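Data block below; observations after.
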Amino acid sequence: MKYSGIRLILGDQLNIQHSWFSEINKDWLYVLMEVKPESEYVQHHIQKIVGIFQAMRSFERSLADLGHHTRYFKISDTDNKQSFKLNLASLIKETGAERIAYLEPDEYRLDRKLKDDLATLDVGIEMCSSEHFFTERMELRGMFEGKKQFLMENFYRKMRKKHHVLMDNDKPVTGKWNYDHDNRKKLPKDHEPPNPFLVHHDVTALLEEIKGAGINYIGNINPKDFIWPKNRTEALEGLAYFVQDLLFNFGRYQDALSNEFWSIYHSRISFAMNLKLIGPKEVVNIVESTWRELSDIESIAQVEGFIRQILGWREYMRGIYWAKMPEYASLNYFDSKRKLPSWFWTGNTKMNCLSKAIGQSLDYAYAHHIQRLMITGNFALLAGVHPDEVDQWYLGIYIDAFDWVEITNTRGMSQFADGGIVGSKPYVSSAAYIHKMGNHCKTCHYKHKEKVGKDACPFNSLYWNFIDQHREKLEKNPRMTMMYRIWDKYNAETKSELLTKASQVIEDIEKL
Ligand code: FAD
Ligand code: DLZ
């Protein structure tokens, strides 16, 4: 059939509410493609590939059911040239299309690639807004001008005002902007959070197609019971479950760690949001209106804590990404050089917190924020692992991982490789923090209170080694002063024992 134009939809642009789809226009052919290079730019978790392809296929069916004209390239199709450019070139020939429109990619890599690739096709090109975020790509950059650091909290308050979220006129509702301070509890003994919201899909056939295409992957999957949403309806069900059963403990336990529960009170909506099955504006609206309807003033700390993650952190990270790419992707403030230990791909370590965080990441392609920041990220930073290694691991393993939000969180917030653009100090801790926030240490082979003995928790010596090693870069940071004061009070013998122990830990890193 002949079309005057082709509209390309990427795998993380499945926004059925986009204005593109508001009316049926038979001049446009909507195109989605499963292509090998997008699955292989990093070694992905199999659940991430399955989850994206499942949602893409479902999205194309929804568009066709609405009456739009579509073309879908499956990974196994023999006429699939496994390239956006080559598939589009064939379609231009086949349909006579004279223009291609696409939605702004969220990743710098793909943004550049599509610009370059499409420029070689002899048609008109148009890039349109994805109509998903609160902010425009470059909005934060303007606020940055002349500043080394632009604090998330300042950005968040601007967003609250601009979008009238949790505001009474120009004042924050209840008079306070941020309730983070009230929100740092571990789970009480015998406390059981509700079960995570799960859908159940049989993806056996899709998995076989992916294997047949020879795509390399990591991680585990139960193809008879795949738990990630495939469309907007399922994503909205997950959100409704969160609002009803989890939100009112969200902030309180958002930093908790647990041996038993893998998502605690977290929403698990990042995958659906990053694919754009649901949008941040509707999530924030639903949460705020539920809170206002219930008039439950006590729960403001939970509600504000959750909204801050989406209106604050998520938009802020995207703003930093577009303000600082491409340089951001190669920052390495501490000049770290090591490789990740091989047990990051198996979870086979005697360190219980790491074994649990990595094990569940392999099983579910998911870990909650504190596991990513204070367990795996903390360890990688203390062990001096190169940020490229750390980025690749996070980008591959998590179902919600896309460069714009992964790299700013990993290289920025977690590894401080940006020297303090995102964070005001490195997120590092000894075992004391991990013990304080959960029950991992209770059942661990290592002793959280010991620093240098055979069974001392490796986090302890690595922590002090980090403090010692990076003195020049950190001691003037006001938020690190206290740690240097403590370190300086240790006598020479204690210091030497700690540093020797840290060297042993690094030497034996594969056997920890
Ligand atoms: P909840 O705890 O329920 O939070 C609700 C929502 O808030 C999330 O769905 C997410 O959209 C948003 N949010 C919360 N924290 C952040 C944050 N720091 N940055 C951006 N959005 C946030 N998030 C991703 O979406 N993709 C990633 O690739 C990613 N990589 C990360 C890597 C590291 C090292 C760290 C420390 C954090 C990373 N995050 C990433 C942020 C955060 O950990 C996840 O968004 C969150 O764990 C997703 O689970 P959830 O939906 O249950 O979140
Ligand atoms: C992550 C991913 C994967 C695994 N596969 C595809 C694909 O085959 N086709 C596609 O259009 N998109 C895929 N994606 C998502 C893209 O990489 C995504 O659009 C970019 O990461 C931009 O954020």
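Just follow the structure's listing: the first ligand is 1, and inside any ligand the first atom is 1. Worth knowing before you read on, the calculation uses all heavy atoms, side chains too, and leaves out hydrogens, waters and symmetry mates. All values derive from a computational prediction rather than experimental measurement. Residue indices begin at 1 and follow the sequence shown.
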Identify which of [options] has a heavy atom lying nearest to [atom].
atom                    : options                        : result
atom 49 (O) of ligand 1 : Trp313, Phe250, Tyr427, Tyr366 : Tyr366
atom 52 (O) of ligand 1 : Arg268, Met374, Glu406         : Arg268
atom 13 (N) of ligand 1 : Gln309, His369, Arg314         : Gln309
atom 11 (O) of ligand 1 : Met273, Arg308, Met152, Glu315 : Met273
atom 25 (O) of ligand 1 : Asp403, Asn274, Val283         : Asn274

Exercise. Work out whether the distance between some heavy atom of Tyr398 and some atom of ligand 1 is less than 4.0 Å.
Key: no

Practice problem: Answer yes or no for Pro280: is there a heavy-atom contact with ligand 1 below 4.0 Å? | Solution: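 Under 4.0 Å: no for Pro280.
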
Salt-bridge test for [X] and [Y]: reply yes if a basic N is under 4.0 Å from a carboxylate O, no otherwise.
X      : Y      : answer
Asp388 : Arg411 : yes
Glu60  : Lys74  : no
Glu288 : Arg292 : yes
Asp117 : Arg112 : no

Quiz item: NZ of Lys115: more than 12 outside heavy atoms within 6.0 angstrom?
Solution: yes

Quiz item: Nearest 0.5 Å, what's the CD-CD1 distance between Gln415 and Ile407?
Solution: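 It is 11.5 Å, given to the nearest 0.5 Å.
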
Is [X] close to ligand 1, meaning an N/O of one under 3.5 Å from an N/O of the other?
X      : result
His266 : yes
Thr410 : no
Ile269 : yes

Pair [X]-[Y], side-chain donor/acceptor within less than 3.5 Å:
X      : Y      : answer
Ser424 : Arg479 : yes
Asn178 : Tyr156 : no
Tyr316 : Thr408 : no

Side chain, backbone, both or neither: [X] near ligand 1, heavy atoms under 4.0 Å:
X      : answer
Ser263 : neither
Phe242 : neither
Met317 : side chain

Nearest neighbour in protein (non-hydrogen) for [atom]:
atom                    : result
atom 33 (C) of ligand 1 : Asn409 CB, 3.7 Å
atom 28 (O) of ligand 1 : Ala401 CA, 3.0 Å
atom 26 (N) of ligand 1 : Asp400 O, 2.9 Å
atom 6 (C) of ligand 1  : Ile310 CG1, 3.7 Å
atom 46 (C) of ligand 1 : Arg372 NH2, 4.2 Å
atom 48 (C) of ligand 1 : Ser270 OG, 3.2 Å
atom 23 (N) of ligand 1 : Val405 CG2, 3.7 Å
atom 53 (O) of ligand 1 : Ser267 OG, 4.0 Å

Give the atom numbers and elements of ligand 1 that come within less than 4.0 Å of a heavy atom of [X].
X      : value
Ser414 : 34 (C)
Phe306 : 3 (O), 5 (C)
Ala367 : 47 (O)
Leu373 : 36 (C)

Quick one: does any side-chain atom of [X] pair with a main-chain N or O of [Y] as donor and acceptor, under 3.5 Å?
X      : Y      : value
Glu389 : Lys339 : no
Gln82  : Ile75  : yes
Gln244 : Tyr241 : no
Trp228 : Tyr364 : yes
Gln47  : Ala365 : no

Exercise. List for me each residue that meets side-chain contact (heavy atoms from CB on, under 4.5 Å) alongside Glu208, sequence neighbours excluded, and say none if there are none.
Key: Lys211

Quiz prompt | Among Arg318, Lys158, Lys162, salt bridge (charged side-chain N to carboxylate O under 4.0 Å, His left out) partner for Glu139 | solution = Lys162

Quiz prompt | For Phe59, the option from Leu14, Leu275, Thr70 that meets side chain to side chain contact (heavy atoms under 4.5 Å, CB included) | solution = Leu14

Practice problem: Please lay out, stage by stage, how Leu88 and Met33 fare under the test side chain to side chain contact (heavy atoms under 4.5 Å, CB included). | Solution: CA-CA 10 Å; Leu88 286 171; Met33 316 175 190; 3.7 Å; yes

Quiz item: Which protein residues have a heavy atom under 4.0 Å from ligand 2?
Solution: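 Shell around ligand 2 (4.0 Å, heavy atoms): Leu10, Gly11, Asp12, Met33, Glu34, Val35, Glu38, Ser39, Tyr41, Ile52, Phe53, Met56, Phe84, Asp106, Glu107, Arg109, Leu110, Phe402.
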
